[in-house]
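Note: hydrogens, waters and symmetry copies are ignored here, and every other heavy atom, side chains too, is used. To find a chain, count down the sequence lines: A is the first, B the second, and so on, and within it residues start at 1.
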Amino acid sequence: MQQLSVRHLLGIKDITPQDIQLIFETADQFKEVLSRPIKKVPSLRDVTIANVFFENSTRTRLSFELAEKRLSADVINFSASGSSVKKGETLLDTVNNILAMKVDMIVMRHSSPGAPHFLSRKIKANIVNAGDGTHEHPTQALLDAFSIREKLGDVGGKKIAIIGDITHSRVALSNIFALQKLGAEVAVCGPPTLLPKHIGGLGVKVFWNVREALQWCDVANVLRIQLERQQGKLFPSLREYAMYFGINKKMLDELNKEIVLMHPGPINRGVELTSDAADSHHSIILDQVENGVAIRMAVLYLLAGRA
Amino acid sequence: MHKRLIVPHALFQIMIQRLAHQLIETHRDFSDSVILGLQPRGIYVADRLQQTLQKILGVSVQTGYLDITFHRDDFRRRPAPLAPNATKVDFSLEGKRVILVDDVLYTGRSVRAALDAMISYGRPAQVELLVLIDRQFTRDLPIEATYVGQRVDSLHSQRVEVTWQGAESPEDVIWLLTPEQDKSHATA
């Protein structure tokens, strides 16, 4: 009998390598559940979960909602657009009102880093962070690492390069924590303006040349340029970014080695990845999406089952 | 913990042979029948029965493993969730005659969960239950086995342990375990 060391999944930083392994082992079994003719188990039938999204999302919200429904939980959805948040309600008031309707778990996305941490100190329900600003996106990192483990057998000892807009990416930070906890070597690659100043302090290698990064790594996790979070001009044009940091099929073929290509979505085709690269045999982008449901089922199941 | 041998190795073999023959009486050539072993311990019974039937009939009966962790009725009612085991059901149960197999039948709650879990793989024509040990008069639910290796009277504090020849033990044997404080209550 094992359980997670935490009551909330706020970030990968707070959990142990054992927690990650437990989540993976549980997710393995949920993957099997998802391959059955009837893809539903009754585990969470007495649990109500609110998906509280203060920021736009397609994949993550659908993936969480599907995971919750596959576990038989009751689900309510909240999105900030068209809600009382626009009328000036505070975060805590909004969530307390949702909790007053007897909700057991909150899955939350917010544009402010630390918003779920703040809530976890104020309320009793379990909280799953579905992305807080530029800080963490723990379930994405878990499903990325799970997909690498599925493809390459193990994460430990592998070399993973995270390429693109590192500064504005919560996926990058959570991935660095998760991969390092599992014993992988991590590098980041991007234009200097999109790399945080003290990124070396996290113990990652830094590349400024995408070809060198690809040559070094076993897995390339390519990120989207987050224009919506950028203030000021950090590179001359998307076209120039694509020329210097975009990855195409020809570059991958010239490496003369097996490489795994990942992307957390949504892809800006023609910017960070060309279509022929994104749809090539190197890519496990759709496996990532499939694994996302199993990983989120495991996280919800383990948090709900914790005393 | 006080340990009493209730089924020695030789009797264990006779029991397996008898259960296999009882199955043949009902299922004949097993053309529509499948064996489903319950994780974690019922899978050993399922494998042994499959091997025994293979020797007697020369046919390989379809056998799967069913994990019931996600269908248990005590989730969130115990301090930590149980770790799930692998489910391996590579065939549809639609229209099949299913023989659910476990080592020990106690409260019946695992079997209830198994009946629930099984339905995800199709609607069986018939379901039977085979257990090595039936701890009689301890049921929480109205569930009884179709085929029983041996019936045993036991206290709630006692535990039945089936150990399998191989990694676990040099012989196939079944023990009844009694905590020290209840030793005087346990009948011989």
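Atom CZ of A:Arg59 is surrounded by more than 12 heavy atoms from other residues, nucleotides or ligands within 6.0 Å. Under a cut-off of 6.0 angstrom, the local environment of CZ in B:Arg18 is crowded, with over 12 non-hydrogen atoms contributed by other residues, nucleotides or ligands. No more than 12 heavy-atom neighbours from other residues, nucleotides or ligands sit within 6.0 angstrom of NZ on A:Lys151.
Among A:Glu25, A:Lys39, A:Gln29, the residue making the largest number of heavy-atom pairs under 4.5 Å with chain B is A:Gln29. By number of non-hydrogen pairs under 4.5 angstrom with chain A, the leading residue of B:Thr87, B:Ile119, B:Val89, B:Asp73 is B:Thr87.
Proximity to chain A is limited to the backbone of B:Arg72, based on heavy atoms less than 4.5 angstrom apart. For chain A, the nearby part of B:Asp116 is the side chain; its heavy atoms alone come within less than 4.5 Å. Proximity to chain B (any heavy atom under 4.5 Å) is restricted, for A:Glu32, to the side chain, taken from C-beta onward. Neither the backbone nor the side chain of B:Ser92 comes within less than 4.5 Å of any heavy atom of chain A.
Note: A:Tyr301 and B:Phe75 have parallel aromatic rings, judged against thresholds of 30 and 60 degrees for the angle between ring planes.
Nearest heavy-atom pair across A:Lys40 and B:His71 is O-CE1, 4.4 Å. Considering every non-hydrogen atom in both A:Leu302 and B:Pro81, the closest pair reads CD2-CG, 4.0 Å. Heavy-atom minimum distance, A:Pro37 versus B:Ser120: CD-O, 3.4 Å.
A donor-acceptor pair under 3.5 Å is formed between the side chain of B:Arg76 and the backbone N or O of A:Ala304.
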